Amino acid sequence: MRQHPGRYHRDEKLIAAQGSLKLVGRPMRPGGTLIDVNGVRIGGDDLVVIAGPCAVESENQLLTIAKAVKASGASILRGGAYKPRTSPYAFQGLKEEGLRILALARQETGLPVATEVLDTRQLDLVCRYADIIQVGSRSMQNFAILEEVGKCGKTVLLKRGMSSTIEEFLLAAEYIMKGGNSRVILCERGIRTFENSTRNTLDLNAVPMLKQLTHLPVIVDPSHGTGRWWMVPWLSKAAVAVGADGLILEVHHKPHDALSDGPQSLTPDSFDQLMRDLRPIAHALGAEIAHSTLVPVG
Ligand code: PEP
Ligand code: MN
């Protein structure tokens with residue numbers, strides 16, 4: 001059985017202090033929540049690796065990357081069709097065309113797909129295509145989105161707001177669960193601090209703390225957490241060692257040409273090497289790296 005901090009140490013005082021976490025609190029499900037996405041189980045003994053480009057850029061780009069990450073052992077494909085960009089002049093995503101390409105990649109590889117929703121008005125459309133709905137860092141406290149995804153039956157990948165405390169993060173998850181959806185995966189993706197040598201400061205403290213406080217699965221995003229591709233393997237290994245249930249990683253076959261987040265994207269080769277390096281670390285914790293049991297239907 002896999003080791004994680006919530007299983008091996010229960011800080012009863014800390015848990016008792018979290019009175020407002022009525023649904024997400026660890027006492028609701030002391031054994032943890034296991035979420036099955038098309039046969040991929042998140043929150044159990046296996047580590048789940050979600051990988052793919054920051055943004056869907058073209059059919060050829062996504063299919064190339066999807067096939068590569070699947071071959072290296074990723075079990076879920078990521079890719080943004082609606083991109084939250086700081087500048088209104090930056091690439092905003094292919095929108096519905098991007099969703100269509102994601103569905104094609106799922107058909108070709110068998111991998112379930114995760115993609116972000118930026119607006120409640122997109123939710124029905126995104127739900128028609130995606131297996132996992134990502135609520136990004138900038139939307140973590142968009143209460144309208146939280147309430148709407150709480151009513152849909154899809155798995156939600158909730159990313160921590162870049163300036164949010166762990167309590168605020170858990171209360172955002174509480175909104176989704178209060179709406180009736182308990183299929184919530186939490187993602188630590190780095191927070192803003194005074195440190196500016198990296199894009200964000202990846203708060204790995206959050207992993208054991210979250211595993212104490214909640215029964216929900218916790219994954220880590222070292223791509224946005226560092227903003228530097230060469231740091232990603234180190235922080236991925238650290239995230240697994242500190243008890244994360246999985247990783248979400250940006251991969252691009254031509255990082256220099258990527259329309260977003262190239263500097264933090266692994267190449268398929270460096271992703272493959274990382275997957276090899278993660279296995280012994282997973283094994284030391286009694287875990288395996290999950291693989292998709294689905295076969296392509298195309
Ligand atoms: C992303 O996953 O590409 C993304 C925009 O993430 P975040 O919301 O964590 O910045
Ligand atoms: Mn990105």
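Because the structure is a prediction, the values reported are computed rather than measured. We use all heavy atoms of the structure for the numbers below, so side chains are in, but hydrogens, waters and symmetry mates are not.
Put simply, the side chain of Leu213 reaches to within 4.5 Å of the side chain of Leu170, judged on heavy atoms. Using a 4.5 Å cut-off on side-chain heavy atoms (C-beta onward), Val149 and Lys154 make no contact. Counting only heavy atoms from C-beta outward, the side chains of Glu288 and Arg279 never approach each other to under 4.5 Å. For the pair Val240/Val220, no side-chain contact is recorded, criterion being any heavy-atom separation below 4.5 Å from C-beta on. Taking 4.5 Å as the limit, every side-chain heavy atom of Leu157 sits out of range of all side-chain heavy atoms of Ile133. Side-chain contact between Val251 and Thr267 is absent, with no heavy-atom pair separated by less than 4.5 Å. A 4.5 Å side-chain heavy-atom check between Val113 and Arg78 finds every atom pair outside the cut-off.
A side-chain donor-acceptor contact under 3.5 Å links Arg26 to the backbone of Lys211. Not a single donor-acceptor pair under 3.5 Å links the side chain of Arg199 to the backbone N or O of Gly227. With hydrogens and angles ignored, the 3.5 Å screen pairs a side-chain donor or acceptor of Ser58 with a backbone N or O of Gln61. For Ser72 (side chain) and Val69 (main-chain N/O), no donor-acceptor pair under 3.5 Å exists by modelled atom type. Checking side-chain atoms of Asn38 against main-chain N and O of Pro112 turns up no donor-acceptor pair under 3.5 Å. In terms of modelled atom types and a separation under 3.5 Å, the side chain of Thr201 and the main chain of Thr193 share no donor-acceptor contact. Between the side chain of Glu59 and the backbone N or O of Ile101, no donor-acceptor pair lies under 3.5 Å. Distance alone, capped at 3.5 Å, places no donor-acceptor pair between the Thr33 side chain and the Arg29 backbone. One N or O on the side chain of Glu188 and one on the backbone of Asp203 form a donor-acceptor pair closer than 3.5 Å. Of the possible polar contacts, one joining the Glu168 side chain to the Thr165 backbone as a donor-acceptor pair under 3.5 Å is found.
We find the CG-CG distance between Leu23 and Leu216 to be 9.5 Å, quoted to the nearest 0.5 Å. Note that CD1 of Ile50 and CD1 of Ile248 are 4.5 Å apart. Values are rounded to the nearest 0.5 Å.
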Walk me through whether Leu99 and Tyr82 qualify under side-chain contact (heavy atoms from CB on, under 4.5 Å).
CA-CA 9 Å; Leu99 297 174; Tyr82 295 89; 4.0 Å; yes

Test side-chain contact (heavy atoms from CB on, under 4.5 Å) applied to Asp46 and Ile289, step by step
CA-CA 5 Å; Asp46 289 352; Ile289 297 180; over 6 Å; no

Hey, mind stepping through Val48 and Asp245 against side-chain contact (heavy atoms from CB on, under 4.5 Å) and telling me if it holds?
CA-CA 7 Å; Val48 171; Asp245 294 298; over 6 Å; no

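The pair Asp221-Lys159 meets the salt-bridge criterion, since a charged nitrogen lies less than 4.0 angstrom from a carboxylate oxygen.
The 12-atom threshold is exceeded at NZ of Lys237, counting heavy atoms of other residues, nucleotides or ligands nearer than 6.0 Å. Applying the 6.0 Å contact sphere to CE of Met177 captures more than 12 heavy atoms from other residues, nucleotides or ligands. Counting non-hydrogen atoms of other residues, nucleotides and ligands closer than 6.0 Å to CZ of Arg85 gives a total above 12. In this structure, Glu167 places its CD atom where only 12 or fewer heavy-atom neighbours from other residues, nucleotides or ligands lie under 6.0 Å away.
In this model, a donor atom of one side chain and an acceptor atom of the other lie less than 3.5 Å apart for His224 and Gln264. Residues Gln273 and Asp277 have side chains that bring a donor and an acceptor to within less than 3.5 angstrom of each other. Between the side chains of Thr120 and Gln122, no donor-acceptor pair is found at a separation under 3.5 Å. Side-chain contact of His253 with Thr64: a donor-acceptor pair under 3.5 Å is absent, judged by distance alone. Checking Ser164 against Arg160 by side-chain atom types alone, no donor-acceptor pair falls below 3.5 Å.
Residues meeting the side chain to side chain contact (heavy atoms under 4.5 Å, CB included) test with Thr226, sequence neighbours left out: Arg228, Met231, Val232, Leu235. For Lys151, the side-chain hydrogen bond (donor to acceptor under 3.5 Å, both in side chains) test picks out Glu148, with sequence neighbours left out. Under the rule for a ring pair (Phe, Tyr, Trp, His ring centres under 6.0 Å), the partners of Tyr175 that lie at least two apart in sequence or sit in another chain are Phe143. Residues passing the ring pair (Phe, Tyr, Trp, His ring centres under 6.0 Å) test with Phe91, sequence neighbours excluded: none.
Here Leu63 sits in one hydrophobic cluster together with Leu104; the rule is ILVMFWY side chains under 4.5 Å apart, joined directly or through other members.
Applying the salt bridge (Lys or Arg N to Asp or Glu O under 4.0 Å) rule to pairs touching residues 123-146 yields Arg106-Asp131, sequence neighbours excluded.
Hydrophobic clustering (side-chain heavy atoms under 4.5 Å, transitive across Ile, Leu, Val, Met, Phe, Trp, Tyr) keeps Leu34 apart from Ile132.
Each of Pro53, Pro255, Ser260, Cys54 was compared with Glu250 under the side-chain contact (heavy atoms from CB on, under 4.5 Å) criterion, and only Cys54 meets it.
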